[in-house]
Amino acid sequence: MAKRILNGQSGASRVTPEMLAVMVEHLPTVGSLRDLAAITGARLDAVRRAVAPFLAAMKANGTHPQCGCGKDRFHPYGCVDSERKATYSTPIRGLSTADALVAIAKRGPIIDAIMTGDPFSTIEQRLNLPHKSARKYLIHLSPDQLAQRKRMERDRAEPVGNKRPFGDALYARISAAVPGWVSGPTRDDIISEMYLATQEGTLRPADIEANARRFALAAIAMWESKFSPRSIDAPMFDDGKRTLADMIPDPAALAAFEALDDLRVGRGCNAMEGC
């Protein structure tokens, strides 16, 4: 493939069938013929000659892409739209179009990794990035992507299982109705029981305040009274470590001793005459 520099243009002077196929594929969406030359590596004048028949066919079919100024795209001379793109829409200011396309290609996997919600340190290790460099790519996210990333960070910092549903108006109303003298764990049980009752239809939302004390007393009687059922993990005495579970016999542990007793009784019978 011949390459030369002429009038400041560098690239291939001859367009191969493969390059032409790429040009035709990108022709409806590419912003300019210069971008098309950067993608294919061909000279700008070679690109202009190669795509001319296809642009004529598109114009005849009414499918020619339009420029922002209202003319056909790729029209000669500049316009307000092309000036705006050159000033504000250049992929990376200070880089040529070809270098900018390479930089954007490298940027894509980093942005995809950021949108997975992984910590920046994990992204840097996985992609072999310098320390504290992944965060700098946040400026390339759209407003929607940035909001989604922030939601992911909040969810990761505060797991869903540790959140209380105070955002639910009914839950908040039940929480406010439960007496304040109830302890924390029992209070959560009372709120859950009342919330479940409202969902099952046994408690009307209008009766929450009137029945809060009844639910509280029932929970105290069940879990905090000395006559209520006790946990087997509760200590037997205040100054000891033994629990109620230690008093429950283990049949599997006693089986060995029972087998030993049977063996001893059998030996004794064999030693006695007539046994």
Side-chain angles (χ1 to χ4, degrees), residues 1 3 5 7-12 18-19 21-44 46-48 51 65-71 73-75 77-167:
M1 184 184 301
K3 291 186 178 182
I5 298 178
N7 297 330
Q9 299 182 17
S10 62
E18 293 78 8
M19 296 167 62
V22 174
M23 293 180 188
V24 174
E25 179 183 359
H26 289 83
L27 197 58
T29 57
V30 72
S32 66
L33 296 182
R34 292 186 181 274
D35 293 341
L36 203 57
I39 294 173
T40 58
R43 286 164 44 91
L44 178 59
V47 172
R48 185 177 288 111
V51 301
Q66 298 297 303
C67 179
C69 66
K71 301 179 181 179
R73 193 180 303 173
F74 318 124
H75 62 80
Y77 310 110
C79 63
V80 176
D81 184 68
S82 61
E83 181 180 356
R84 181 172 63 251
K85 288 190 297 183
T87 304
Y88 302 104
S89 300
T90 300
I92 300 178
R93 183 174 298 181
L95 296 180
S96 65
T97 304
D99 293 339
L101 293 175
V102 173
I104 292 175
K106 293 181 179 179
R107 181 192 303 167
I110 301 176
I111 294 178
D112 293 340
I114 291 176
M115 295 311 300
T116 61
D118 292 338
F120 291 110
S121 58
T122 303
I123 296 173
E124 292 164 356
Q125 293 176 2
R126 185 166 66 244
L127 300 180
N128 295 322
L129 299 176
H131 181 54
K132 294 185 178 179
S133 63
R135 186 180 296 273
K136 299 178 182 179
Y137 287 83
L138 291 176
I139 62 175
H140 303 299
L141 301 183
S142 66
D144 292 340
Q145 288 177 323
L146 193 59
Q148 182 180 352
R149 170 69 191 190
K150 290 182 178 180
R151 287 194 299 268
M152 293 177 177
E153 291 177 350
R154 287 195 300 266
D155 293 341
R156 187 176 67 248
E158 185 178 0
V160 176
N162 295 336
K163 294 182 181 179
R164 293 185 177 183
F166 287 117

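Counting only residues at least two apart or in different chains, ring-ring contact (aromatic ring centres under 6.0 Å, His included) contacts with residues 115-137 comprise Y137-H140.
With rounding to the nearest 0.5 Å, the separation of CZ in R48 from CZ in R34 is 7.5 Å. Between R135 atom CZ and L129 atom CG the span is 13.5 Å, to the nearest 0.5 Å. Between T40 atom OG1 and M19 atom CE the span is 4.5 Å, to the nearest 0.5 Å. The CG atom of D35 lies 10.5 Å from the NE2 atom of H26; values are rounded to the nearest 0.5 Å. Taking CG of D118 as the reference point, atom CD of E124 lies at 12.0 Å (rounded to 0.5 Å). Separation of atoms CD1 (I110) and CG (L138) is listed at 11.5 Å; rounding is to 0.5 Å.
The shortest non-hydrogen separation linking R126 to A113 is NH2-CB, 3.6 Å. Contact record, L127 with P109: CD1-O, 4.1 Å, taken as the closest heavy-atom pair. The two atoms that bring M115 and Q145 nearest to each other are CE-O, 3.5 Å, heavy atoms only. Nearest heavy atoms, P28 versus P65: O-CB, 4.0 Å. Taking both residues in full, the closest heavy atoms of A134 and I123 are given as CB-CG2, 4.3 Å, listed atom of the first, atom of the second, then distance.
Counting only distance, with no hydrogens or angles, the side chain of R149 and the backbone of I114 share a donor-acceptor pair below 3.5 Å.
Residues that satisfy the side-chain hydrogen bond (donor to acceptor under 3.5 Å, both in side chains) test with T29, not counting sequence neighbours, are absent from this structure. Remark: R151 engages no residue in a salt bridge (Lys or Arg N to Asp or Glu O under 4.0 Å) (not counting sequence neighbours).
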